[in-house]
Amino acid sequence: KKGGVLGDDMGLGKTVQIATTLKGLFDAGNIRKVLIAVPATLKAYWVTELAKWCYDVDNIIQFDNSKKGEREQQIRKIKKHGAILVTSFGMVTTERINLSELRFDIVIVDEGHKAKNINTDLRRNLVELRVKNSRFVLTGTPLQNNLNELWAIFDFVQPKIFGNFP
């Protein structure tokens, strides 16, 4: 299990880097289920970019505030066929029970600095997701505001590797 932090200024291509990496991993048969958690305002952007760069991936799903039955149907589809699931931070919390039924190959958190506070529901729900392979954080915001925040980001990406923070 490896993970990483991809941090640079806005507009330098983090989304494209992740999308092309996912395409290669899907093409090689190395992954089937990916969750990408983003601010709600970026969901449509991510789906558009994934469709452009991951054109051979059959299921790119925008998991949102649609009817509960539709979301349950999307979860069943992911379980059966795999997919890239793009959802908002809010839905990670709202649908934590349904999402916890899945075991994702990769979890990616865009604007990952939002998960730096270990006392938030978002952070707890992201950590509780079952992840088979890797966790990645994308950020255009400096991470090193303080040691607690830096530890929180790295602990999400590589759980337990740094032990407990005092």
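If you read the sequence from its start, that first residue is 1, and numbering goes on from there. Computed from a predicted model, the values in this text were never measured in an experiment.
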Can you tell me how far apart CD (Gln62) and CD1 (Ile84) are? Round to the nearest 0.5 Å.
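Here the rounded value is 13.0 Å.
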At their closest point, which heavy atom of [X] faces which heavy atom of [Y], and how far apart are they?
{"X": "Gly3", "Y": "Gln158", "answer": "N-NE2, 2.9 Å"}
{"X": "Val157", "Y": "Gly4", "answer": "CG1-N, 3.0 Å"}
{"X": "Asp110", "Y": "Phe89", "answer": "O-CZ, 3.1 Å"}
{"X": "Cys54", "Y": "Ile60", "answer": "O-CD1, 4.1 Å"}
{"X": "Trp53", "Y": "Ala19", "answer": "CB-CB, 3.7 Å"}
{"X": "Gln74", "Y": "Ile61", "answer": "NE2-CG2, 3.4 Å"}

Any sub-3.5 Å donor-acceptor pair from Asp105's side-chain atoms to Asn133's backbone N or O?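 Between the backbone of Asn133 and the side chain of Asp105 there is no qualifying donor-acceptor contact (under 3.5 Å).
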Looking at Ala152, is its backbone amide N or carbonyl O close enough to the side chain of Arg123 to form a donor-acceptor pair, meaning the two atoms are under 3.5 Å apart? yes
Pairwise side-chain contact, [X] with [Y], heavy-atom cut-off 4.5 Å (strictly under):
{"X": "Leu50", "Y": "Val57", "value": "no"}
{"X": "Asn59", "Y": "Ile78", "value": "no"}
{"X": "Ile36", "Y": "Leu22", "value": "yes"}
{"X": "Val34", "Y": "Leu85", "value": "no"}
{"X": "Ile18", "Y": "Lys23", "value": "no"}
{"X": "Leu6", "Y": "Gln17", "value": "yes"}
{"X": "Leu99", "Y": "Ile75", "value": "yes"}
{"X": "Phe154", "Y": "Val137", "value": "no"}

Residues pairing under side chain to side chain donor-acceptor pair (under 3.5 Å) where one sits in residues 79-90, two or more places apart or in two chains, turn out to be Lys79-Glu101
Here the side chain to side chain donor-acceptor pair (under 3.5 Å) pairs for residues 89-99, sequence neighbours left out, are Arg71-Glu95, Thr93-Asn125, Glu95-Asn98
- Message: The test is side-chain contact (heavy atoms from CB on, under 4.5 Å); show your working for Thr15 and Tyr45 and say whether it passes.
- Response: CA-CA 9 Å; Thr15 306; Tyr45 168 75; 3.6 Å; yes
Do [X] and [Y] belong together in a cluster built from hydrophobic side chains that touch within less than 4.5 Å?
{"X": "Val131", "Y": "Ile161", "result": "yes"}
{"X": "Leu25", "Y": "Tyr55", "result": "no"}
{"X": "Trp46", "Y": "Leu35", "result": "no"}
{"X": "Ile153", "Y": "Leu129", "result": "yes"}
{"X": "Leu102", "Y": "Val38", "result": "no"}

Report task. For the pair Arg124 and Asp121, evaluate side-chain contact (heavy atoms from CB on, under 4.5 Å) and give the outcome as yes or no after the intermediate values. Result -> CA-CA 5 Å; Arg124 281 189 289 273; Asp121 286 340; 2.8 Å; yes
side-chain contact (heavy atoms from CB on, under 4.5 Å) for Leu42 and Glu111? Distances and angles first, verdict last.
CA-CA 10 Å; Leu42 294 178; Glu111 302 297 332; 4.3 Å; yes
- side-chain hydrogen bond (donor to acceptor under 3.5 Å, both in side chains) partners of Arg32, counting only residues at least two apart: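 For Arg32 there are no side-chain hydrogen bond (donor to acceptor under 3.5 Å, both in side chains) partners, ignoring immediate neighbours.
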side-chain hydrogen bond (donor to acceptor under 3.5 Å, both in side chains) against Trp151, all qualifying residues, sequence neighbours excluded:
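For Trp151 there are no side-chain hydrogen bond (donor to acceptor under 3.5 Å, both in side chains) partners, ignoring immediate neighbours.
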Is Arg130 positioned over the aromatic face of Phe104, cation under 6.0 angstrom from the ring centre and no more than 45 degrees off axis?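 No; the conditions do not both hold, so Arg130 does not lie above the ring face of Phe104.
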Could you pull out all residues at least two apart from Phe136 that satisfy side-chain contact (heavy atoms from CB on, under 4.5 Å)?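 Only Ile106, Ile108, Ser134 meet the side-chain contact (heavy atoms from CB on, under 4.5 Å) criterion with Phe136.
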Residues passing the side-chain contact (heavy atoms from CB on, under 4.5 Å) test with Thr48, sequence neighbours excluded, are none
**Prompt:** So does Gln73 have more than 12 non-hydrogen atoms from other groups sitting under 6.0 Å from CD?
**Reply:**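 Not more than 12 within 6.0 Å, no.
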Less than 4.0 angstrom from a charged side-chain N to a carboxylate O is my criterion; do Lys52 and Glu49 meet it?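 Answer for the salt bridge query: yes.
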Practice task
Any chance you could lay out the side-chain contact (heavy atoms from CB on, under 4.5 Å) test for Val107 and Phe156, step after step, and finish with the verdict?
Solution key: CA-CA 10 Å; Val107 170; Phe156 170 74; 4.2 Å; yes
